[in-house]
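Owing to the predicted nature of the structure, the values given are computational and were not obtained by experimental measurement.
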Amino acid sequence: MKLDRDTITGDITGGITAGVVALPLALALGVASGLGPMAGIYGAIAVGFFAALFGGTASQISGPTGPMVVVLAGLFASLSGDAALIFTTVMLAGVLQIAFGFLGVGQYIRLVPYPVISGFMTGIGAIIIILQMGPLLGHDSPGDPLGAMAKLPNAVMDINFANLALGLGTLALVFFWPARVGKYLPGPLAALIVGTLLAFFLLDVPVLGEIPSGLPGLHWPVFEQSKALLVVEAAFILAVLGSIDSLLTSLVADNMTRQRHDSNRELIGQGIGNTVAGLIGGIAGAGATMRTVVNIRSGGRTRFSGMVHALLLLTIVLGLGPLASNIPLAVLAGILVKVGLDIIDWNYIKRANHGPRWDLALMVLVLSLTVFVDLITAVAAGVVLAALAFVKQVGQLQIASLKNTPEHLDSDVEKACLAECGDRVALFEFSGPLSFGAAADLGHHVREHSEFGTKVLILDFSRVPFLDVSAVLAVETIASDAASSDKLLYLAGMNADVQKVLEGMNSGVPGDGVYATRLQALKAAAAVVKSSDANNMDTVTGIPVME
């Protein structure tokens, strides 16, 4: 995009607005991760700046997000708060994302089915809400949802009502903050200011306490053999989750700006940002949908807007410490509950009962696995099940398109030739690529639709671009069945790729004849039928001989 005065002005305005929105969210997500509010701010600065500078989505704003914090909170609990190992994990996740970008993984991440994405995003939203129930009631919260739910009954029996009222008030303020005012003062920031002032003057509730301000120090990678597997697993989850989260946000940005992002470059930018974030003691981040939308609506169009957003946060953080120390935990919990509610895919949930039942079941399964098991298991199971369901549907369509009637012939000559042969020739016309999803039923279908008196089977491959191994073996089975029942099998219309695969797998094409066109195969079959008829006629009387 050409840089001019209006574009630069829009980028500055959008970046500043996005930075203001990002401030309370970064603080809240930092606290939720277990690493503290400044880790959230440092992560927002590093990922926000470097993902914008090197990424492939011009108007995207990156920083800490709910899905990434869910993983970090669980890791914090598993590593007993070992910050050095957690920052090493963040750096390793960044390196993996860079590798994803160079290997071209971005184009495959976008192939994750929507019910799977909806299920794990809704599950992440639910986890965030569950983890904030304790802080809302005035208690600490474990880093995993099952632990948080287990402690909830005790927390309910000992509620800090001032804390609860402040948290619910914060949530209500964010929910009902007027949109026209939100253009100048975002709801989360307003809730942060109002809640902090109320607590400072009127309420005795838990607050963040003393936190450092100024430039961060460096956190070099560390290695601990006993925790290596846990670190690598968490880094991989962060890398995959951050990649999916970022590319989904990139699609939103594309729809709003009518531009097209570069998926692999975006992953490289996100990876560089997360690597730097871990190096300076920040939490991992990804493309943030709400902040990106705010940026675009405020005029941001180029990567400069994302860098402005990060520089604003850097300016704020240099003098933020004394003020941030008075922020109540209940206010941050209220803001995070709103974040969780926004992540839940309400749009799909409202319409799910009108769509395919399988998609709804898949979404619920992924949601359950996300909350009660882990994110990678949820996504992996969802993708595998969705792929199997898709293969089954495609296979059913391929079998349904397997025709053996003359009505599907384009040529009158072919129709006449097949009509002359009657039931003694069965023509099967394949449509599209034959996959392993159709292979299991292929032989059965041919047997079922071959008449008792059929002499010749013709398999027409004119519209088949390729075969997989399962389909090749199915063709071999058809050939064996034909031979055992004294039928001839002709193959017609194979392209070079299909013939090469058949020859390679079978050391020779199965069947009794290979023909370049369907018409040639039909004529050859007609000749066989005529010859058979002639052999079955009594040469003296001309009366057919009964077999």
**Request:** Test F87 against W220 for side-chain contact (heavy atoms from CB on, under 4.5 Å), laying out the working first.
**Result:** CA-CA 8 Å; F87 294 138; W220 298 107; over 6 Å; no

**Request:** In sequence, state the C-alpha distance, the side-chain angles, and the governing distance for D245 and T65, and then conclude on side chain to side chain donor-acceptor pair (under 3.5 Å).
**Result:** CA-CA 9 Å; D245 204 3; T65 63; 3.1 Å; yes

**Message:** Quick one, V425 with K455, criterion side-chain contact (heavy atoms from CB on, under 4.5 Å). Give me CA distance, side-chain angles, the key distance, then yes/no.
**Reply:** CA-CA 6 Å; V425 174; K455 297 292 185 183; 6.0 Å; no

**Prompt:** Between D497 and V501, is a side-chain contact (heavy atoms from CB on, under 4.5 Å) present by the stated rule, with each step listed?
**Reply:** CA-CA 6 Å; D497 291 336; V501 172; 5.6 Å; no

**Item:** Trace of the side-chain contact (heavy atoms from CB on, under 4.5 Å) decision for Q97 with I268
**Value:** CA-CA 6 Å; Q97 284 186 301; I268 293 172; over 6 Å; no

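When each of R265, R260, H261, E266 is checked for a side chain to side chain donor-acceptor pair (under 3.5 Å) with S263, only H261 meets the rule. When each of V69, I344, I343 is checked for a side chain to side chain contact (heavy atoms under 4.5 Å, CB included) with I128, only I343 meets the rule. Between L489 and the options V456, L459, I458, a side chain to side chain contact (heavy atoms under 4.5 Å, CB included) holds for only L459. Considering V90, I86, I237 in turn, I86 is the only one that fulfils the side chain to side chain contact (heavy atoms under 4.5 Å, CB included) rule with L75.
When the shell of 6.0 Å around CZ of F102 is examined, it contains 12 or fewer heavy atoms from other residues, nucleotides or ligands. Within 6.0 Å of atom NZ in K523, 12 or fewer heavy atoms from other residues, nucleotides or ligands are found, so the atom counts as exposed in its surroundings. Around atom CH2 of W358, more than 12 heavy atoms belonging to other residues, nucleotides or ligands sit under 6.0 Å away.
Considering only heavy atoms from C-beta on, I127 comes within 4.5 Å of T370 through its side chain. Between R518 and Y490 the shortest side-chain heavy-atom distance does not fall below 4.5 Å. Within the 4.5 Å cutoff, the side chain of F120 has no heavy atoms near those of the L369 side chain. T88 has its side chain out of reach of H219: every pair of non-hydrogen atoms, C-beta onward, lies at least 4.5 Å apart. Between M290 and L25 there is a side-chain heavy-atom pair separated by less than 4.5 Å. Contact check for I61 versus V294: no side-chain heavy atoms found under the 4.5 Å cut-off. The side-chain heavy atoms of P67 and V71, taken from C-beta on, include no pair separated by under 4.5 Å. Side-chain contact between D82 and F76 is absent, with no heavy-atom pair separated by less than 4.5 Å.
A donor-acceptor pair shorter than 3.5 Å cannot be found between the side chains of T122 and D345. A side-chain donor-acceptor contact under 3.5 Å links Q270 and S62. Side chains of Q60 and T292: no donor on one and acceptor on the other come within 3.5 Å. Side-chain contact check for S305 and N295: at least one donor-acceptor pair (N or O, by modelled atom type) lies under 3.5 Å. Side-chain atoms of S462 and D460 include a donor-acceptor pair closer than 3.5 Å. For the 3.5 Å distance criterion, the side chains of N264 and Q107 fail to qualify, holding no donor opposite an acceptor.
Of the possible polar contacts, none joining the S246 side chain to the S243 backbone as a donor-acceptor pair under 3.5 Å is found.
Among all heavy-atom pairs drawn from F428 and L457, the shortest one is CE1-CD2, 4.1 Å. Of all the heavy atoms in L238 and M68, the pair that sits closest is O-CE, 3.4 Å. Of all the heavy atoms in A239 and A93, the pair that sits closest is CB-O, 3.6 Å. Closest approach of P64 to G43, counting heavy atoms only: CD-C, 4.1 Å. The two residues T57 and S250 have their closest heavy-atom pair at OG1-OG, 2.8 Å. Here the closest non-hydrogen pair linking A32 and L336 is CB-CD1, 3.6 Å.
Atom CD1 of residue I296 and atom CD of residue Q259 lie 8.5 Å apart, to the nearest 0.5 angstrom. A distance of 10.5 Å separates CG of L103 from OH of Y108, quoted to the nearest 0.5 Å. One finds the CG atom of L365 at 11.5 Å from the CE atom of M363 (value rounded to the nearest 0.5 Å).
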